[in-house]
Amino acid sequence: MRKILLAFMTTLAAVVSLFGYRTSTPHPVSVATSTVAAAGSGGTTTTDGGTTAATPAAPSTGAASSTVTGDVVQTRWGPVQVRITVASGKVTAASAVQVPSGNGRDAEINGYAVPVLDQETVSAQSASIDAVSGATVTSDGYVTSLQSALDAAGL
Amino acid sequence: MGLPVSVTVRGPHAWADRTDGVVRAFYADLRQVDRTFSTYRADSEVSLLRRGALSRRLVSPDLGHVLDLCAQAKELTGGHFDAALPQPDGTRLLDPSGLVKGWAVERAAAALRALPDADWLVVAGGDVLGEATAGPAWRVAVEDPRDRSRTLCVLPLRRGAVATSGTAARGRHLLDPATGRPVADHLLSATVVGPSLTWADVLATAAFVEGPASLARVAGTSGYEALLVDPDGGCTGTAGLQQHLPVA
């Protein structure tokens with residue numbers, strides 16, 4: 001199975017195309033330890049029209065805990081980057097490494113979106129669900145960065 | 001903020017170059033839509049139409065088609081979906097965004113549909129569209145509107161769409177076309193399943209506005225099923241979804 005993710009400009013909310021705002025400083029995915037439980041067949045990759053995102057972690061057996069940091073993604077409010085911890089193939093913790101904090105609105109968004117999504121990441125284990133249908137998700141920078149981290153971990 | 005859109009392809013050619021090209025085309029198609037329909041761009045066709053700088057007779061085929069769909073949607077939903085929203089000053093403001101979202105993804109997905117030997121799934125900010133013919137049905141969970149880190153139930157999707165309307169993620173952004181004010185608090189969310197994402201989206205939006213009475217309306221729309229969540233978290237659904245409703 002192959003999963004590709006891209007955020008796109010929506011007619012419903014403010015206009016940001018993450019594809020066009022990729023960070024210029026190379027921020028490769030860093031893996032704290034070398035052991036990551038890999039997905040089954042094929043693994044996953046992230047593309048956005050030509051630029052390959054995070055380098056997939058090498059599959060291996062054994063299940064130590066590892067920390068994967070997603071790409072830095074530029075949003076209209078600044079850079080967002082997420083770090084997740086994977087143990088035995090499951091996400092056990094997710095946190096924002098960088099969040100925009102340039103203006104008052106950022107604090108408002110971050111105050112709501114970041115903690116909710118941290119919990120959501122850990123609760124919504126992907127094993128038995130392919131998608132979630134819900135009220136429109138718009139916390140683009142965080143979700144995209146998390147996705148790149150998940151893809152890198154081969155989940 | 002951008003809508004996160006993910007595409008999953010399953011099958012022997014998932015990693016083929018052709019699949020790459022098709023998915024790129026899918027995303028390019030979505031980006032094009034913004035140029036016509038974004039209400040946040042002063043130079044979009046919708047914006048020009050709104051301020052009278054463009055005549056209705058001269059709109060592009062895409063915008064013309066969407067406006068026709070909006071008229072059909074208004075009739076289908078008894079006015080609970082209406083792209084012309086009442087403003088405080090009594091005028092009406094055109095905003096087809098609610099229909100464009102599902103329509104754009106569905107149209108762009110035609111490319112994915114053409115992939116040979118491939119099951120595919122698109123998730124666009126809470127809307128889901130996909131086909132699973134070779135492999136097992138896609139498992140689409142319905143978000144719990146009271147707690148976005150939890151899900152209420154899982155719906156198996158073989159071919160079609162799942163759309164959910166509610167206020168959990170973005171606050172009270174949905175307006176009742178009858179009043180121009182935020183929708184009444186009679187439902188936390190409405191989920192509609194059916195063959196078309198465009199219409200599942202329209203019906204879900206209208207159901208959220210209309211409330212519990214929308215169940216009968218969706219039941220009477222051939223091929224579509226609905227699941228409604230009331231303020232206490234209780235779920236009701238049309239006949240086809242009864243087996244999936246969470247046990248109270």
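Heavy-atom basis, side chains included; hydrogens, waters and symmetry copies ignored. Numbered from 1 within each chain, the chains take letters A, B, ... in sequence-line order.
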[X] versus chain A, heavy atoms under 4.5 Å apart: side chain, backbone, both or neither?
X: B:Ala132; answer: neither
X: B:Ala28; answer: neither
X: B:Val140; answer: both

Looking only at non-hydrogen atoms, find the nearest pair between A:Val132 and B:Val128 and report the distance.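 Closest approach of A:Val132 to B:Val128: O-CG2, 4.2 Å.
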
Verify, without hydrogens or angle tests, whether A:Ser133 (side chain) and B:Gly126 (backbone) share a donor-acceptor contact under 3.5 angstrom.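 The answer is yes, because a donor-acceptor pair under 3.5 Å joins these two groups.
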
Enclosure of B:Arg159 CZ (heavy-atom neighbours >12, cutoff 6.0 Å):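 Check fails, neighbour count at 12 or below.
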
